[in-house]
Every structure is written in C-alpha cells, then in structure tokens.
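We count ligands from 1, going down the list as the structure has it; atoms in each ligand are counted the same way. The shown structure was predicted, so the numbers you read here are calculated from the model rather than taken from an experiment.
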Amino acid sequence: MSHFRESLESIVVSANQMSQIEGRIFEAGMPVAALMEKAAGIVATRIQQLYPFQKVSIGVLVGPGHNGGDALVVARELHLQGYSISIYQPFSKLKELTLQHARYTNSLGIPHHQTIQALQECELIIDGLFGFGLERSLTSDLADAVNLLNQWQKPVISIDIPSGIHTDTGAVLGAAVKATHTLCLGLWKRAIFQDTALEYIGKAERLDFGIPHSDVWAILGQNPLIQQITPTLARSFLPLPRPLVTHKYKQGHLLLICGSSRYAGGAILAGLGARGSGVGMLSIAVPTSLKPLLVSHLPEALIIDCPETETGAIAQLPSLSQYDIIACGPGLTQDAETIIEQVLQSEQPLVLDADGLNILAKLGISKISTRQNPTILTPHLGEFKRLFPSIENLDRISAVSEAARQSGAIVLFKGARTAIAHPDGKIWLIPQSTPALARGGSGDILTGLLGGLLAQSKQPVDKTVAIAAWLHSQAGIKAAKDKTELGVDGITLAQYINLAVSELL
Ligand SMILES: NC(=O)C1=CN([C@@H]2O[C@H](COP(=O)(O)OP(=O)(O)OC[C@H]3O[C@@H](n4cnc5c(N)ncnc54)[C@H](O)[C@@H]3O)[C@@H](O)[C@H]2O)[C@@H](O)CC1
Ligand SMILES: Nc1ncnc2c1ncn2[C@@H]1O[C@H](COP(=O)(O)OP(=O)(O)O)[C@@H](O)[C@H]1O
Ligand SMILES: [K+]
C-alpha cells in the first residue's frame, strides 16, 4: 500500500465527520450518484473476489437511504455478472437516488420482496439496510426480520457497517445484523473499534474509494483526534534502531513494584513483560520473601527485597530517584496502601495497574493531579468503574476520553478493543486482538511491557502506551495462531512479544 493511501488507514471518524467529508466532496461538484457508483462498484468487485463462484444465490437487503442505494448498485452489478439475486426491500419510501436504482433493478427482472423469508434459501446475504445515517432504533417488523436473518447464520457481508449498529457508539439499536464480513467504506468508523459491536462486525475491511485527503484534513485537522494503530505507526513509535554506542542505563531503567506472598505470580509475569520490551535495566521491588523466586525466573533483573507487612505485602520502598520509569500494581494486594502514597510522590512517569488502581480509587483519583510527570492508568472495566464512578452510560471510546480529561492521566482502557486517551483529547485505538488474552496474567505482562518501552522511548508517552498495547495484542494473536486460543498463558504471551516486534520490522 502506498504511503499516500496508508495515511488514511489510521483515521477513525464519527458519522457526523463522515457526512461532513462527503458534504465537501459533493459541494465541490462530485455528483452524488457518481460517488455512489464508485463506492458500490468497489464493494461489488470485492464481493466477487470473496465469492467468485457465480452459482451462489445472493440476497440483498435494501434500506431507504444511500446505504440501500449502494446495495442496489451491488445487486445490479452482480446480477449482470450472472449471480442469482433476490432483493429484500421493506421500505416503500426511498431517497430519490435509491428509488431510481430500485426502478432499474426492478426493470432488470431482479425479484424485490417485502418479507425477509423470501431470502431464506440464499447462500449469501448483502446488508445495505442502514449505514452511517441510522438515527433511531429499528422498529418492530424490521427488528423481527433482522433477528430472523441472524438465526439463519448465513454468511453476511455488511456494506459500511452492520445495519442496526450505531456508527459511533457501536451500540445495538433495537436489533442489528450479525455480519461475517463488514466492508467499511472510505474511512474507518468508530463502531468498528467498540467492544459492543464486535460480535456483529465479523471480519472488517476498509475499501478505499478515493476520498481526497484535503477533504479529510479539512474536517479532521492535520492531527486527527482519533487514530488506530497501524503497523506503519507502530514501527515508527518503537525505540529502534538503537544507537550503536550506548549502554544499559541509556536504554532505560524500569522499576517494577509488584507482588505479595499471596500473588507472587503477578511480579514474575510483569517482569517477563518487561523482558519482552528489551529494556536496558530492570529492577523489581518485591516483598523480601519473594526474592529467591524472582531471581530464579528473571536472572537478568535486579531484585530489591522490601520489608513486608504481616500479610505479606510490600511495607516500605527503597529510594525511587534513580529510575526512569516506575510501574506499580500487579499482585500488591490492598495492604500496600502506604507504598502507593509514596509512588504518587515520585517524580518519574508512573504506570499504575491492578491493586495500584484499586488503592488509588480508595485514596481518590485527585491524588494524581499534583504529579509533575505523566501518570498512566491501565484499568479493565471493573477497575475503571471504581476509579471513575461518575462516568456512566458512555461508550468505551467516549468513556476513556472523559476519564483522561477528568483525571489528567493517560488512560489505557483494557478490553477486547483497548482504547488509550490523553487528557488533551487524543485517542489511540487498537484494531485487532484475541480473546485468548481473556486470561489471568495477561494484564501483568502488559504492565511490564509498557513500563519497559516507556523507559527506553523518546516518543511522547501516549504513543508509547499505544504501541505497548498494540504489541501486546499482536503477541496474543500470533501466540493464539500457533497454540490456539487456549494456549496463551502469560509466559507464552511474553515470549511472543519479540516475534511481534520482529515481524513488524
Ligand atoms: N452519499 C453517497 O453518495 C455515498 C454514500 N455512501 C453510503 O451512504 C450511506 C449513508 O447514507 P444515508 O445518509 O442515506 O443514510 P443510511 O442509508 O444509512 O440511512 C438513512 C435513511 O434511513 C432512515 N432511517 C434512519 N434510521 C432508521 C430507522 N431506525 N428505521 C427506519 N428508517 C431509518 C433515514 O430517515 C434515512 O432515510 C453510507 O453508509 C454509505 O453506505 C457511500 O457509498 C459513499 C457514497
Ligand atoms: N476478549 C478479549 N479480547 C482481546 N483482549 C482481551 C480480551 N479480554 C481481555 N483482553 C486483554 O487481556 C488483558 C487482561 O488484563 P487484566 O484484566 O488486567 O488481567 P490480569 O490482571 O489478570 O492480568 C488486557 O490487556 C485486555 O485488553
Ligand atoms: K449496512
């Protein structure tokens, strides 16, 4: 892919932004019908690549707007190529252009049906009910039709976005088409990155139909607020190549503070994540009784044995001044409150995870507001709710953005699709991952990896946080490919980090 085309690949837009971008194109003179012909023509070509066997019978769902218009153009082209097409068109009132296409497909003899049952024998469904113009919930008859379609469990290709999914929030509006494949038109829409929409989107693909870059930048600005991490961005954010003349302390010194007699494994896994980052020097502060265990798992790390509480948590920390980055939390238990107070006073960038976050929630999130250097919070949903109880009823992308704004921290919101927000409004999205990571210990690996990359990086902190999350997901994907979704324990995951890096280069 050329650099020119690739630069649109990272862009993620809302419905409103997409409609403004299209609006500029139309205002400049591009006929609406010509743009539809272009976009839908590319969809039809892609469907032919995916299903080249013309004997396949295809059902096409047609909505009232331009998504329906796209679907009719696709129906026409596939019909002319010899495919057997049946159309489901439940609306009598159509937008003018869509109506014209419907007249023509009718004249070609393609059957138009008002009930979805007529499509029951079709082997493939193309969904053009609604695109980014969906503004209210699907009503009863239509919702019933969509639910019935989902029960058939046929291959479904959705045009632009699965119909019924809100383009921004990814919420299901009444009912939504469960696609096996989504062909996103022109620019990635927000919903593609929302956990709530994932089961509906299937395999997502962006089809470029030649949107002028100037129109995109005119609406989004040169530094768009929301971007997904692409391999090109990931490559440019990595702390590579290393300078030839360097030494270990110049490649970053990370202090991990983690573990307790109850949760020893969290410290080991965070250490292994840091190992995967290639950090120059790794120190790990653990309760004194854990030292021999940590030394045996991580011979390269400097293990600092800390006095421990009666319950086996870290009671006291060494001086923190010599480290580039501190990452703190995995396996601490809630008894480590005093040390969280101490790390909050530290002058370095600070990553807080797991019990570090639970203790911070108790102390109050405002505790981080006086910190001079960045604080990075890495909550999963449960931790997020404890930290930000006032953020309710928002989709994940809006929620993480609001959390960063309220707290002044960089917030990495873990999930099936992890999202990272900077207090200035910038958001990074992680496009792919694997449920193989839904497993105790995956998050500890991320904490170590993130700390280790931050210690080495010369990039802005939010970019490094994003690349850590991206590598973590990629390592999971690669491990799951080799070992199945059941084979990605923490130690395995850590070993695949390096493979994710080397494949990127
Ligand atoms: N305008 C163009 O020429 C292009 C449009 N494109 C397509 O156009 C789509 C956007 O088209 P539109 O703006 O027409 O919007 P949609 O086709 O997504 O749907 C909007 C229509 O559905 C109605 N509607 C919304 N919610 C409804 C509900 N719950 N129940 C019943 N009716 C409902 C609206 O009143 C409107 O008529 C994109 O997703 C894409 O597929 C792309 O092909 C690019 C080119
Ligand atoms: N369904 C999923 N798909 C992709 N990634 C997931 C999924 N569930 C969890 N993850 C990832 O796995 C990690 C789990 O972290 P966390 O919940 O902190 O676990 P732990 O504390 O047990 O290590 C996060 O990076 C999260 O994004
Ligand atoms: K659709």
Side-chain angles (χ1 to χ4, degrees), residues 15 18-19 22-23 25-26 30-43 61-71 73 90-91 93-95 97-98 126-139 142-143 156-165 167 173-177 179 182-186 189 195 198 207 209 211 263 265-266 269-270 273 329-331 353-355 357 378-383 412-419 430 432-447 449 468-469 472-473 476-477 480 485 488 490 493:
M18 191 67 201
S19 127
E22 282 193 352
I25 299 174
F26 299 144
M30 179 69 170
V32 177
L35 195 66
M36 181 181 285
E37 200 63 28
K38 225 179 144 185
I42 292 168
V43 172
L61 319 182
V62 174
H66 287 168
N67 196 250
D70 287 348
V73 171
F91 297 91
K93 229 179 116 210
L94 306 179
K95 275 192 180 173
L97 181 56
T98 307
I126 295 167
D127 157 36
L129 284 175
F130 304 105
F132 63 71
L134 180 73
E135 50 207 10
R136 46 189 196 277
S137 282
L138 271 58
T139 48
L142 195 59
V156 177
I157 299 180
S158 282
I159 302 175
D160 210 14
I161 188 127
S163 300
I165 293 292
T167 307
L173 296 184
V177 171
T182 295
L183 301 177
C184 194
L185 295 177
K189 315 299 180 311
D195 284 15
L198 290 191
L207 298 186
F209 64 92
I211 297 177
Y263 302 120
L269 293 174
D353 181 37
D355 282 323
L357 297 173
T378 63
H380 57 55
L381 180 64
E383 290 155 350
L412 178 157
F413 192 179
K414 293 170 184 171
R417 291 292 176 273
T418 289
I430 307 302
Q432 294 137 2
S433 195
T434 167
L437 294 177
R439 183 162 176 169
S442 305
D444 303 334
I445 299 287
L446 177 62
T447 305
L449 171 63
H472 184 254
S473 290
I477 291 167
E485 287 178 355
V488 190
L493 175 64

Is the K ion (ligand 3) under 3.4 Å from any N, O or S atom of [X]?
X: Asp160; value: no
X: Gly131; value: no
X: Pro162; value: no
X: Ser158; value: no
X: Gly63; value: no

Give yes if a backbone or side-chain nitrogen or oxygen of [X] is under 3.5 Å from a nitrogen or oxygen of ligand 1, and no if not.
X: Phe130; answer: no
X: Gly68; answer: no
X: Ala39; answer: no

For Asp127, the N, O or S atom at the shortest distance from the K ion (ligand 3) is O
Between Gly443, Gly441, Ala354, flag the one that comes closest to atom 22 (O) of ligand 2 by a heavy atom.
Gly441
Given Asp444, Asp195, Leu357, Thr418, which one has a non-hydrogen atom that is nearest to atom 21 (O) of ligand 2?
Asp444
Determine whether any heavy atom of Val32 lies closer than 4.0 Å to an atom of ligand 1.
yes
Check if Pro64 has a non-hydrogen atom at a distance under 4.0 Å from any atom of ligand 1.
yes
Where the K ion (ligand 3) is the centre, what is the O-to-O angle for Ile159 and Ile161, rounded to 10°?
80°
Where is the nearest protein heavy atom to atom 44 (C) of ligand 1: which residue, which atom, and how far?
Glu22 OE2, 3.2 Å
Considering only the protein, which heavy-atom contact is closest to atom 6 (C) of ligand 2, and what is its distance?
Gly415 O, 3.6 Å
Whether Asp353 and Lys414 form a salt bridge (side-chain N of Lys/Arg under 4.0 Å from carboxylate O of Asp/Glu) is what I want to check.
yes
Just let me know how Arg417 lines up against ligand 2, side chain, backbone, both or neither, with a heavy-atom cut-off below 4.0 Å.
neither
